[in-house]
Amino acid sequence: MNRKSSSSIRLLRAITRHDTTEFSKILQENPPDLDLNVRDRDGYPAIICAILAGEWDMVKEFFLHGANIWVYDSGGANVGWMLATSYPDNKGEDKQWLIDFLKSKKYPWPAPEPWQMPKLVKEGKWPPAFVTGKEREESQLPKDKRAYFLLKADSKVFHEYLQISNEEEKEAFKRKHLPEFYK
């Protein structure tokens, strides 16, 4: 969903406000315009926002309501890595339940680190091959952020890209180095 629906905005707002009551209410209402895989304006998937907020109950609800567990942000942080490296707060058992849930879905463990993700995505290894169709497509970054992310797979190419100041030249560079992306 390119344009965020009002229900999806409400969901993101509930996460940032640590409002578990509103969050649960939105999920119970299950409005037709709700997108569990919505990203905030910085490209963070809602589920990762909930992990960053330490809202394990919200993350569990995302899992149980079918949110995409294969999403990652523009820095390469994925759901598994975020869970593994986040502080458990006083709810360590809840966090372990979430990790066990991911493992039950064949999530690779330990989860890939952010610096590994550009190469995995570029090589078609993230999400893993058994993740197909809509779930695979929805796990990817929005197109405007994906090209930049994929350039990071090769540090030499990425360094060259960073030296370009002209936007048209940057676009031409991305087309040259990522022709499969622009088909």
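Numbers here simply count residues along the sequence, with the first being 1.
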Given side chains that start at C-beta, do those of Val121 and Gln140 come closer than 4.5 Å, heavy atoms only?
yes
Just verifying a value: how many Å separate Glu61 CD and Ile26 CD1, rounded to the nearest 0.5 Å?
12.0 Å
Would you say Leu83 and Trp115 are hydrophobically clustered, going by side-chain heavy atoms of ILVMFWY under 4.5 Å?
no
Rounded distance (nearest 0.5 Å) linking atom CG of Asp100 with atom NZ of Lys105:
13.0 Å
Please name all residues satisfying salt bridge (charged side-chain N to carboxylate O under 4.0 Å, His left out) with Arg136, sequence neighbours left out, ordered by chain then number.
none
Can you check whether Asn78 reaches Val71 side chain to side chain, under 4.5 Å on heavy atoms?
no
Please work out which of the three classes, parallel, tilted or perpendicular, describes the rings of Phe158 and Tyr161, given edges at 30° and 60°.
parallel
Could you give me the CA-CA distance, side-chain angles and deciding distance for Trp81 and Ser86, then say whether side chain to side chain contact (heavy atoms under 4.5 Å, CB included) is met?
CA-CA 8 Å; Trp81 184 82; Ser86 60; over 6 Å; no
Candidate pair Ser8 and Leu34, rule side chain to side chain contact (heavy atoms under 4.5 Å, CB included), full reasoning:
CA-CA 5 Å; Ser8 300; Leu34 179 61; 4.3 Å; yes
Do Gln116 side-chain atoms and Glu113 backbone N/O form a donor-acceptor pair below 3.5 Å?
yes
Contacts of Trp70 meeting ring pair (Phe, Tyr, Trp, His ring centres under 6.0 Å) (sequence neighbours excluded), chain-then-number -> Tyr107, Trp126, Phe130
Looking at Glu168, I want to see if its CD is surrounded by more than 12 non-hydrogen atoms of other residues, nucleotides or ligands under 6.0 Å.
no
Flag side-chain contact, heavy atom, 4.5 Å: Glu167 against Glu171:
no
Is there a side-chain contact between Lys106 and Pro128 (heavy atoms, below 4.5 Å)?
no
Got a sec, which pairs hit salt bridge (charged side-chain N to carboxylate O under 4.0 Å, His left out) with one end in residues 12-23, sequence neighbours left out?
Arg10-Glu22
Taking salt bridge (charged side-chain N to carboxylate O under 4.0 Å, His left out) as the test, write out the residues that go with Glu138, two or more places apart.
Lys134
Minimum-distance pair of heavy atoms, taken over all atoms of Pro112 and Met117:
CB-SD, 3.8 Å
Considering all heavy atoms, the nearest Asp35-Leu11 contact
O-CD2, 4.4 Å
Does the side chain of Leu98 reach to within under 4.5 Å of the side chain of Leu102, using non-hydrogen atoms?
no
Approximate separation, where rounding is to 0.5 Å, of Trp109 CH2 and Ile99 CD1
4.5 Å
Mark yes when over 12 heavy atoms from residues, nucleotides or ligands other than Lys119 sit less than 6.0 Å from its NZ; otherwise mark no.
no
Heavy-atom pair of closest approach, residues Met82 and Ala77
SD-CB, 3.5 Å
Does any part of the side chain of Leu141, heavy atoms only, come nearer than 4.5 Å to the side chain of Arg39, both counted from C-beta?
yes
Out of curiosity, Ser74 OG to Asp42 CG, how far, rounded to the nearest 0.5 Å?
8.0 Å
Can you name the ring pair (Phe, Tyr, Trp, His ring centres under 6.0 Å) partners of Phe62, sequence neighbours left out?
Phe23
Between atom NE2 of His65 and atom CG of Leu27, what is the distance when rounded to the nearest 0.5 Å?
4.5 Å
For Phe101, what residues pass the ring pair (Phe, Tyr, Trp, His ring centres under 6.0 Å) criterion, not counting sequence neighbours?
Phe63, Trp97
Between Asn68, Asp73, Ile47, which is the residue that forms a side chain to side chain contact (heavy atoms under 4.5 Å, CB included) with Val79?
Ile47
In terms of heavy-atom contacts, Cys49 and Tyr44 come closest through SG-CB, 3.7 Å
State, to 0.1 Å, how close Ala153 and Lys122 come at their nearest heavy-atom pair, and which atoms those are.
CB-CD, 3.8 Å
Could you tell me whether the side chains of Asp33 and Ser7 share a donor-acceptor contact shorter than 3.5 Å?
yes
Hey, could you give me the CG/CG distance between Leu52 and Asp40, rounded to the nearest 0.5 Å?
9.5 Å
Using modelled atom types and a 3.5 Å cut-off, is there a donor and acceptor pairing between side-chain atoms of His159 and backbone atoms of Ser155?
no
Between Leu36 and Gly66, what is the shortest heavy-atom contact and its length?
CD1-C, 4.3 Å
